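Each remark here refers to the structure printed beneath this line.
Every value quoted in this text rests on a predicted model; they were computed, and no experiment measured them. When reading the values below, keep in mind they use all heavy atoms of this one structure, side chains included, and skip hydrogens, waters and symmetry mates.
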Amino acid sequence: MRNWAENAGAKINTVVEAIVAALMLTLVLDVWLGVADRYYFHWQLPWPEVMARYLMIWAAMLAVSSGVARRDHIGLTAFLIMLPFQPRRARRDHAGSVCIRCLHD
């Protein structure tokens, strides 16, 4: 059962990461359109800024779930890589229990 859940989680995470990549690509293109609109074409489109906000929000929310699935954090990872295996594992488990406790309260 656990193996099945891990495989399903990995597949879902792959789909989520692809969606985040597509959202980020759309965000970059949207911002470029907004810059071109403002400085070159003067179309005065009202929607690129609003769309950029929503794309950023959705990409961030989905990226958090991907980070949780990988048990990864950009700040902690940079620090934890320097530690030997046993302290790294203990720190990772401690961080997981802190997250669960915060969500429970």
Side-chain angles (χ1 to χ4, degrees):
M1 183 70 171
R2 182 177 183 185
N3 193 22
W4 178 84
E6 287 176 1
N7 289 339
K11 289 177 184 177
I12 291 170
N13 191 40
T14 302
V15 171
V16 168
E17 287 177 353
I19 292 170
V20 169
L23 287 172
M24 293 304 295
L25 176 66
T26 307
L27 176 64
V28 168
L29 295 175
D30 179 57
V31 170
W32 282 352
L33 176 66
V35 170
D37 169 39
R38 179 172 290 168
Y39 294 108
Y40 298 109
F41 300 120
H42 305 292
W43 294 327
Q44 297 185 358
L45 297 173
W47 54 267
E49 289 183 32
V50 175
M51 185 174 167
R53 285 185 198 134
Y54 283 108
L55 287 169
M56 192 179 320
I57 290 167
W58 275 100
M61 286 193 299
L62 290 173
V64 166
S65 71
S66 179
V68 169
R70 290 176 180 253
R71 296 188 78 169
D72 218 5
H73 185 276
I74 191 166
L76 290 177
T77 304
F79 172 71
L80 288 178
I81 288 173
M82 295 185 267
L83 294 175
F85 178 74
Q86 288 298 329
R88 187 180 337 156
R89 183 175 179 190
R91 185 71 183 144
R92 184 194 67 194
D93 293 342
H94 174 70
S97 66
V98 168
C99 288
I100 290 172
R101 180 162 183 188
C102 289
L103 291 174
H104 185 274
D105 290 342

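A pairwise comparison of heavy atoms in Pro48 and Gly34 identifies CB-CA, 4.1 Å as the closest pair. Residues Ala52 and Val31 approach most closely at CB-CG2, 4.3 Å, considering heavy atoms. The two residues Thr26 and Ala22 come nearest to each other via the heavy atoms OG1-O, 2.8 Å. Minimum heavy-atom separation, Asp37 to Trp43: OD1-N, 2.8 Å.
Rounded to the nearest 0.5 angstrom, Ile57 CD1 and Leu27 CG are separated by 11.0 Å. How far CG of Leu45 is from CE of Met51: 11.5 Å, rounded to the nearest 0.5 Å. Distance check: Phe41 CZ to Leu33 CG gives 8.5 Å after rounding to the nearest 0.5 Å. Atom-to-atom distance recorded for Leu25:CG and Leu29:CG is 4.5 Å, nearest 0.5 angstrom.
Judged purely by atom type and a 3.5 angstrom limit, Asn13 has no side-chain atom pairing as donor or acceptor with the backbone of Ala69.
Crowding of Trp47 atom CH2: a count of heavy atoms from other residues, nucleotides or ligands under 6.0 Å exceeding 12. Counting heavy atoms of neighbouring residues, nucleotides and ligands inside a 6.0 Å radius, atom CD of Glu6 exceeds 12 of them.
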Practice prompt. Step by step, work out the side-chain contact (heavy atoms from CB on, under 4.5 Å) result for Arg38 and Val35.
Written response: CA-CA 5 Å; Arg38 179 172 290 168; Val35 170; 5.9 Å; no
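Residues Ile19 and Met24 fall within the same hydrophobic cluster, defined by Ile, Leu, Val, Met, Phe, Trp and Tyr side chains chained together at heavy-atom separations under 4.5 Å.
Each of Val16, Val15, Thr14 was checked for a side-chain contact (heavy atoms from CB on, under 4.5 Å) with Ile12, and the lone residue meeting it is Val16.
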